[in-house]
Participant: 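Just passing along the structure, written as structure tokens.
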Amino acid sequence: MKNPFIVFEGIDGSGKSTQCDMLYRYIADKGIGVKKLAEPTSGRWGTELRAMLKSSAPPPVELQIDMFIKDRIDDCEKNIIPCIESGTTVVMDRYFYSNAAYQGFSGITPAEIIDRNIREGFPLPHRVYFIDIPAETAMERILKRSGSGNTELFEKREFLETVRSNFLSIADERFLIVNGEGDVESIFKKIRDDYERICG
Ligand code: ADP
Ligand code: TYD
């Protein structure tokens, strides 16, 4: 595999953005064409979603799913599919697995949300690095990062513990579950070794 489509997933504060940046830089430094993407995006729907994440009264979960999917349709059309078609490696911070893990409540299961995203025709990634840490460790990091105790909608310990088990319930053969509790470099080594194995 020369130019894989790679996704990073994890609960808030897991360290996935740190690892995503490190892999992006590692690939770029080899002189390989690589694009770093993230969802929610900075487009129209992503901007609305970011405002939603800061509000204290979120819309019903069905509406949240619709908004994340609209953002993903835009992302696919504008970014993901053009990259895949031009042979560019994609390294992505969150994708539809987050939709399943964060919105898989209130009568809708994570598996049903995965099915819905697959029916939309979104491309499947070659590899998903799931950075796995307990919600308690994630909350410590989030509070340290924000400094103020101000957290976003989904940044609550009990909620993140359920999100973590939702992620684990949808992990398939595309997933590599990486223990995110070690130091940044030793976590990255596992990801880099796997990337080299896939591309080698
Ligand atoms: P996420 O994107 O999953 O929310 P980040 O990569 O932004 O996570 O990391 C959350 C916070 O934890 C940041 O302040 C980051 O510097 C720190 N961090 C990231 N990885 C580790 C690690 N392995 N050990 C300790 N702290 C970490
Ligand atoms: P992100 O900016 O990646 O947050 P962090 O770096 O703190 O992990 O994501 C913002 C939030 O969006 C995060 O709480 C997870 C949520 N989210 C969903 O609920 N559903 C989705 O489909 C996606 C892509 C993200």
Side-chain angles (χ1 to χ4, degrees), residues 7-25 36-43 45-55 58-76 79-80 91-106 108 110 112-114 116-118 120 122 125 128-148 150-164 166-167 170 178-192:
V7 170
F8 282 80
E9 293 281 8
I11 60 175
D12 298 65
S14 61
K16 78 186 150 39
S17 305
T18 303
Q19 296 297 328
C20 188
D21 288 350
M22 287 171 86
L23 186 63
Y24 168 76
R25 257 181 273 120
K36 186 153 71 83
L37 300 173
E39 291 182 9
T41 68
S42 52
W45 289 102
T47 306
E48 280 200 29
L49 281 161
R50 298 231 174 249
M52 188 274 282
L53 291 166
K54 298 226 176 315
S55 85
V61 97
E62 269 295 351
L63 189 57
Q64 293 181 29
I65 296 172
D66 284 348
M67 287 169 75
F68 279 109
I69 286 183
K70 283 184 176 136
D71 189 37
R72 195 160 297 123
I73 289 171
D74 271 0
D75 199 20
C76 275
N79 303 312
I80 302 174
V91 176
M92 218 171 146
D93 193 341
R94 295 199 188 280
Y95 194 38
F96 62 70
Y97 303 95
S98 281
N99 217 174
Y102 282 82
Q103 278 73 48
F105 299 93
S106 309
I108 305 165
E112 283 165 346
I113 299 176
I114 294 281
R116 192 161 156 205
N117 276 273
I118 288 175
E120 290 287 340
F122 299 134
V128 180
Y129 294 116
F130 175 62
I131 312 300
D132 188 32
I133 63 166
E136 199 161 332
T137 316
M139 282 309 302
E140 281 163 17
R141 290 185 190 172
I142 290 167
L143 292 172
K144 211 159 136 189
R145 183 176 59 185
S146 77
S148 60
N150 272 342
T151 56
E152 283 192 345
L153 184 61
F154 295 139
E155 296 176 340
K156 309 273 178 293
R157 193 185 61 79
E158 299 80 8
F159 183 77
L160 288 181
E161 205 51 77
T162 316
V163 172
R164 180 193 188 191
N166 279 352
F167 269 125
I170 53 167
V178 184
N179 181 352
E181 286 182 287
D183 63 278
V184 170
E185 287 300 333
S186 57
I187 297 167
F188 181 62
K189 183 179 181 310
K190 290 187 193 130
I191 293 168
R192 188 194 63 203

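When reading the values below, keep in mind they use all heavy atoms of this one structure, side chains included, and skip hydrogens, waters and symmetry mates. The residues of the chain are indexed from 1 along the displayed sequence. Indexing begins at 1, ligand by ligand and atom by atom, following the structure's order.
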Participant: So, are Lys189 and Asp183 salt-bridged, with charged N and O less than 4.0 Å apart?
Facilitator: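 Looking at Lys189 and Asp183, the cut-off is not met.
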
Participant: What do you reckon, does Arg94 have a nitrogen or oxygen under 3.5 Å from a nitrogen or oxygen of ligand 2?
Facilitator: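 Yes - when backbone and side-chain N and O of Arg94 are compared with those of ligand 2, one distance drops under 3.5 Å.
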
Participant: Less than 3.5 Å between some nitrogen or oxygen of Asp93 and one of ligand 1, yes or no?
Facilitator: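 In this structure, Asp93 places no N or O atom under 3.5 Å from an N or O of ligand 1.
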
Participant: Between Phe154 and Phe159, what is the ring plane arrangement, given parallel below 30°, perpendicular above 60°, and tilted in between?
Facilitator: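 Rings of Phe154 and Phe159: parallel, as their planes differ by under 30°.
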
Participant: Is there a polar contact between ligand 2 and Arg72, counting only N or O atoms under 3.5 Å apart?
Facilitator: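 Such a contact does occur with ligand 2.
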
Participant: Heavy atoms only, cut-off 4.0 Å: how does Met92 contact ligand 2, side chain, backbone, both, or neither?
Facilitator: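 Neither part.
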
Participant: Kindly confirm or rule out an N or O of Lys16 lying under 3.5 angstrom from an N or O of ligand 1.
Facilitator: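 Between Lys16 and ligand 1 (N or O atoms, distance only) the closest approach is under 3.5 Å.
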
Participant: Between Asp12 and Lys156, does at least one N-O distance fall below 4.0 Å, as a salt bridge requires?
Facilitator: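 Salt bridge between Asp12 and Lys156, a charged N being under 4.0 Å from a carboxylate O: no.
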
Participant: Tell me the contacting part of Ile142 for ligand 2: side chain, backbone, both, or neither, using a 4.0 Å heavy-atom threshold, strictly below.
Facilitator: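 It is neither part, as no heavy atom is under 4.0 Å.
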
Participant: Is it the case that ligand 2 has an N or O less than 3.5 angstrom from some N or O of Lys16?
Facilitator: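 Yes, Lys16 has an N/O under 3.5 Å of an N/O on ligand 2.
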
Participant: For ligand 1, indicate whether the residue Ile11 contacts it via side chain, backbone, both or neither (heavy-atom separation under 4.0 Å).
Facilitator: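 Near ligand 1, Ile11 shows its backbone, while the atoms from C-beta on stay back.
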
Participant: Does only the side chain of Arg145 get under 4.0 Å from ligand 1, or the backbone, or both, or neither? Count heavy atoms.
Facilitator: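 Under 4.0 Å from ligand 1, Arg145 contributes side-chain atoms alone.
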
Participant: Quick one: do Asp93 and Lys36 make a salt bridge, cutoff under 4.0 Å?
Facilitator: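 Salt bridge between Asp93 and Lys36, a charged N being under 4.0 Å from a carboxylate O: no.
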
Participant: Where is the tightest heavy-atom contact between Thr47 and Ser42, given as atom of each residue plus distance?
Facilitator: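 Where Thr47 meets Ser42 most closely, the heavy atoms are OG1-O, 3.4 Å.
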
Participant: Before signing off on this row, confirm whether Asp12 and ligand 2 have an N or O atom pair separated by under 3.5 Å.
Facilitator: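 Yes; the residue has a nitrogen or oxygen that sits under 3.5 Å from a nitrogen or oxygen of the ligand.
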
Participant: Applying the side chain to side chain donor-acceptor pair (under 3.5 Å) test to Asn99, which of Glu39, Arg72, Arg116 qualifies?
Facilitator: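 Among Glu39, Arg72, Arg116, the one that satisfies the side chain to side chain donor-acceptor pair (under 3.5 Å) with Asn99 is Arg72.
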
Participant: If you measure from each non-hydrogen atom of Gln64 to ligand 2, which part falls under 4.0 Å: side chain, backbone, both or neither?
Facilitator: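 Neither; no heavy atom under 4.0 Å.
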
